[in-house]
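Everything numeric here is computed off the predicted structure, so don't read it as measured data.
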Number of protein chains: 2
Amino acid sequence: MQRDTAQRRAIRGVFNQENRPLTPQELLEGAQVTVPQMGLATVYRTLKSLTESGTVMVVDVPGEPQRYEIAGKDHHHHFSCKQCGRMFEMDGCPGDLERLVPDGFVMEDHEVFIYGRCSDCS
Amino acid sequence: MQRDTAQRRAIRGVFNQENRPLTPQELLEGAQVTVPQMGLATVYRTLKSLTESGTVMVVDVPGEPQRYEIAGKDHHHHFSCKQCGRMFEMDGCPGDLERLVPDGFVMEDHEVFIYGRCSDCS
DNA sequence: CCCCTAATGATAAACTACTATCAATAATCA
DNA sequence: TGATTATTGATAGTAGTTTATCATTAGGGG
C-alpha cells in the first residue's frame, strides 16, 4: 500500500461510514458508489494489506464468509440481523463465562453472537 | 433411510459415543473404525436424512465447516479446543444477554463459543 | 433363498470463497 | 510533463466443502 488510490479511499470510506463488520461483497457494493468500476479482486487485495498493517481485523462468523472490521476497538460482540443480513457491533460482554467451562478445560477466548432484528428491520 | 445398514449404524454409533458436534470428516474417521471402506458421500447422505428426520441438527461454527450434533438436547453452548480442534458441549448459558442488545434491536437467538484447551490438551 | 431396489463407494461435478496472472491504467516523483 | 512502476480490472485458477452420477453391493420382504 504505497499509493493512495481512489479505490482504497473508497474502501476506507465504507469502513468508516458503516462502522460494523463487513463482508468483501458489502465493501465492494459500498465502494462502487464512488468508484463504480471497482472489482472484487481490489477489495480482497486491499483487505489483505489493511489486515497485515493491523488497520482492520478478520471476524469469523458462524455459517457465513469472513467479515472485516476496523481494528483496535474495545472488547465487543456482534448482532446479526436475520432480516437484512447485516452484522452490528454491541459494546460490552456477558460476565461470568468461566462457570460454563467444564472442569479441566481452560478458557482463553470467547465469542458471543446474538441474532434477531436490527432497529431498521424490527 | 429405509434400511438399517452397517454404515448407518456406525455413524449413529459415533454420534452416541462422542456426544459432541462432529464434522463430516470426524464422522467418517470414526465410522471407518467399524466400516473401513466407508466413503464420505455416505456420511453426507446419512447426515442429510438424519437432519431431515430431526435426529441431528446442524451447528454453524465460526471459521469452520458445519458440524452436526444429536438434536433435542437442553440449551447449551460450545467449547472449541485450539490444540486438538475438537468441539465440546457446555451445559448452561450466560444470563442477561439482553443488556448487550442496542436500543431498537430485538433479540431472538444467541450463540456462545468459548475457545481454549480441553481437558486432554491442557 | 431370491428378487427388488435402497444404499453404497468412487469419482466427477458444482459451488463458494479466495488468490494469481497479466495487460492496461494511473499515482508519484524527477 | 514524462517515465517508472504500483495498482487495477477482468478472469482464470485454486482450495475446500458438498452434491450428483452410476455401476455395484447388500438389506429385507415374500
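Partner of A:Arg67 under the salt bridge (Lys or Arg N to Asp or Glu O under 4.0 Å) criterion, out of A:Glu18, A:Glu89, A:Glu26: A:Glu26 alone.
Taking atom CG of A:Leu27 as the reference point, atom P of C:dA17 lies 14 Å away to the nearest angstrom. Taking atom CZ of residue A:Arg67 and atom C1' of nucleotide C:dC18, one finds them 17 Å apart after rounding to whole Å. Separating the CG atom of B:Leu47 from the P atom of C:dA7 is a distance of 15 Å, rounded to the nearest angstrom. Nucleotide C:dA17 holds its C1' atom 17 Å from the CD atom of B:Glu64, rounded to whole Å. In this structure, the CD atom of B:Gln25 is 15 Å from the C1' atom of D:dA15, given to the nearest Å. Counting to the nearest Å, the C1' atom of D:dA10 and the CE atom of A:Met38 are 15 Å from each other.
Linking Ile, Leu, Val, Met, Phe, Trp and Tyr whenever their side-chain heavy atoms come within less than 4.5 Å leaves B:Met87 and A:Met107 in two separate clusters.
For the residue pair B:His78/B:Glu69, the side-chain donor-acceptor check at 3.5 Å is satisfied.
Heavy-atom neighbours of B:Lys48 NZ from other residues, nucleotides or ligands within 6.0 Å: at or below the threshold of 12.
Not one side-chain nitrogen or oxygen of A:Thr5 sits closer than 4.0 Å to the OP1 or OP2 atom of D:dT7. Distances shown here put every side-chain N or O of B:Gln2 at or beyond 4.0 Å from the OP1 or OP2 atom of D:dG29.
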Base contacts versus sugar-phosphate-only contacts with protein, heavy atoms under 4.0 Å: please encode nucleotides 16-26 of chain D as B, S and - from 5' to 3'. -SBBBB----B
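A:Arg99 contributes a side-chain N or O that, together with a main-chain N or O of B:Cys93, makes up a donor-acceptor pair within less than 3.5 Å.
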Please lay out, stage by stage, how A:Lys82 and B:Asp109 fare under the test salt bridge (Lys or Arg N to Asp or Glu O under 4.0 Å). CA-CA 10 Å; A:Lys82 291 181 177 181; B:Asp109 300 309; 2.4 Å; yes
